[in-house]
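Written below as structure tokens is the structure these notes are about.
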Amino acid sequence: MKKKFGTVIMATAMACTICTSAVLATGCGNKIPDFVMPPEGFDTEAKVTINFAHTMGQDLRKVLETYIEQFQELYPNITVKNEQVGGYDDVRSTIITKINAGQQPNLAYCYPDHVAMFNQSGAVLPLNGFLPDGEYKDMTVTRADGVEESLGFTEEQKSMFIEGYWNEGYLFDDGSKMYTLPFSKSTEVLYYNKTFFEENDIKVPTTWEEMEQVCAKIKELKPECTPLGYDSEANWFITMCEQHESPYTSSDGDHFLFDNAKNREFVTTLKGWYEKGYFITQEINKAYTSNLFKNQTSYMCIGSSAGAKNQSPERVDGKYPFEVGVASIPQVHPEKPKVISQGPSICIFKQDDPQEVIASVLLAKFLTTSIGFQAQFSSVSGYVPVITTVMENETYKKNLDDANGYGNLTYLAAKVCMDQASAYYTSPAFAGSSKAREQVGYLMQAVFTETKTIDKAFKDAVDECKYAVG
């Protein structure tokens, strides 16, 4: 039988002093107090204010605010203040400063490596107790509409999530604790000039061997073109590691494992492709390669699913010059596909007041499991919904069904993303994981443009990573 929440005796928490350095120190002796559930759970009579730090611009804020209003109608004792801080790096640096001052927000919309940094002082709440098998699984709260709601996630609610997105929450430490919830996601997809491919009887590549052959054929047909644009050198490197089942990083021990024979081999192969003029990357191009694709100076582009609208060419005399196709990226082992999962998640911070923590969990659950919110947020942002039940939204389902390679690329890309849900992977998150990502991107650029030998590029990348983490 579930426990219903009535009036609560507030639990007191000891004050805590956090390191005052600009970056949180791993060895900080004073930890933020762990969350302790009040004896009677959530007090629906006590006024609670929670702060949500995020990067959302005006259009996304409108969607967010609409659903926050709905949430506050269900929980009238909770006031939600949502604060647009800037970009993701601004959110990270602002929150680190606030944690050092003991003034962390209640929730943040951010990336896993940022969460790893926040948690160096134990500031982030493990969500395990609020999961279907957690210690609070039998606790409920009665909403203003009279519905008795589980305090945490039910098994049914958990099953709504795309499994790969849900599992991202366990990327940290030894993988036993869940620190984030998926909020909005993206991946990489292959955009291709479908009209050109059909006119020249070119098969969409499903493996990297086929990609090499397709690039060679396009180069024969259009010698002046660059067949493929790849928008992220870092993603390419990390994905090749995953597809080759070759080490990249580890969350513990020796973090930086990417300097190995297999990785040097594929970078050498890609360098050969570059020398033949088969591809160009965003950093080498000094701009997103979607511009080359839209202008038909390239015929394929591997880029973010969230940027699908940027792959659509301008209409000429009211007509699109070509149809865009969207497909999964090529694989090393098609029978074991691996595609990178990206996009922000949401984390909850520990607080002195346990009522704020519970209110934050209720909000996070409401937003991530709301079919309406996920559908609207995806439509406006271009991100992929994190729950499969979004298909119950008639408008969103119709947009997916009507998706085409002309003016409806956002939904066409989302359709591919949802079809390949079982292929998603994520890399370990730790303080310094973003440095590894940055350095393998630099490594690829340096090798392709011959500013460094392969040996030096790999050695320098590892050295920079180790220096960054001390």
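Just so you know, these numbers come straight off a predicted model, no measurement behind them. Position 1 is the first residue of the sequence; numbering continues from there.
K194 has its side chain out of reach of V204: every pair of non-hydrogen atoms, C-beta onward, lies at least 4.5 Å apart. Here the side chains of H54 and E83 are not in contact, with every heavy-atom distance at 4.5 Å or above. Using a 4.5 Å heavy-atom cutoff, the side chains of L363 and V80 are in contact. With contacts defined as side-chain heavy-atom distances shorter than 4.5 Å, the pair L367/F183 qualifies. Considering only heavy atoms from C-beta on, H244 comes within 4.5 Å of F266 through its side chain. Counting only heavy atoms from C-beta outward, the side chains of H333 and Q243 never approach each other to under 4.5 Å.
Residues Y67 and F377 place their aromatic rings such that the two centres sit no closer than 6.0 Å. Taking the six-membered ring for Trp and the full ring otherwise, the centers of Y88 and H114 sit at least 6.0 Å from each other.
E245 has no carboxylate O lying under 4.0 Å from a charged side-chain N of K262, or vice versa, which leaves the two without a salt bridge. Look at K435 and E438 and you find a salt bridge, because one of the NZ, NE, NH1 or NH2 atoms lies within 4.0 Å of a carboxylate O, short of that distance. Taking 4.0 Å as the cut-off between side-chain N and carboxylate O, D259 and K459 do not count as a salt-bridged pair.
A cation-pi arrangement is absent between R92 and Y111 under the rule of less than 6.0 angstrom and at most 45 degrees off the ring axis.
Shown are F172, F130, Y170, F349; of these, the ring-ring contact (aromatic ring centres under 6.0 Å, His included) with Y179 is made only by F172.
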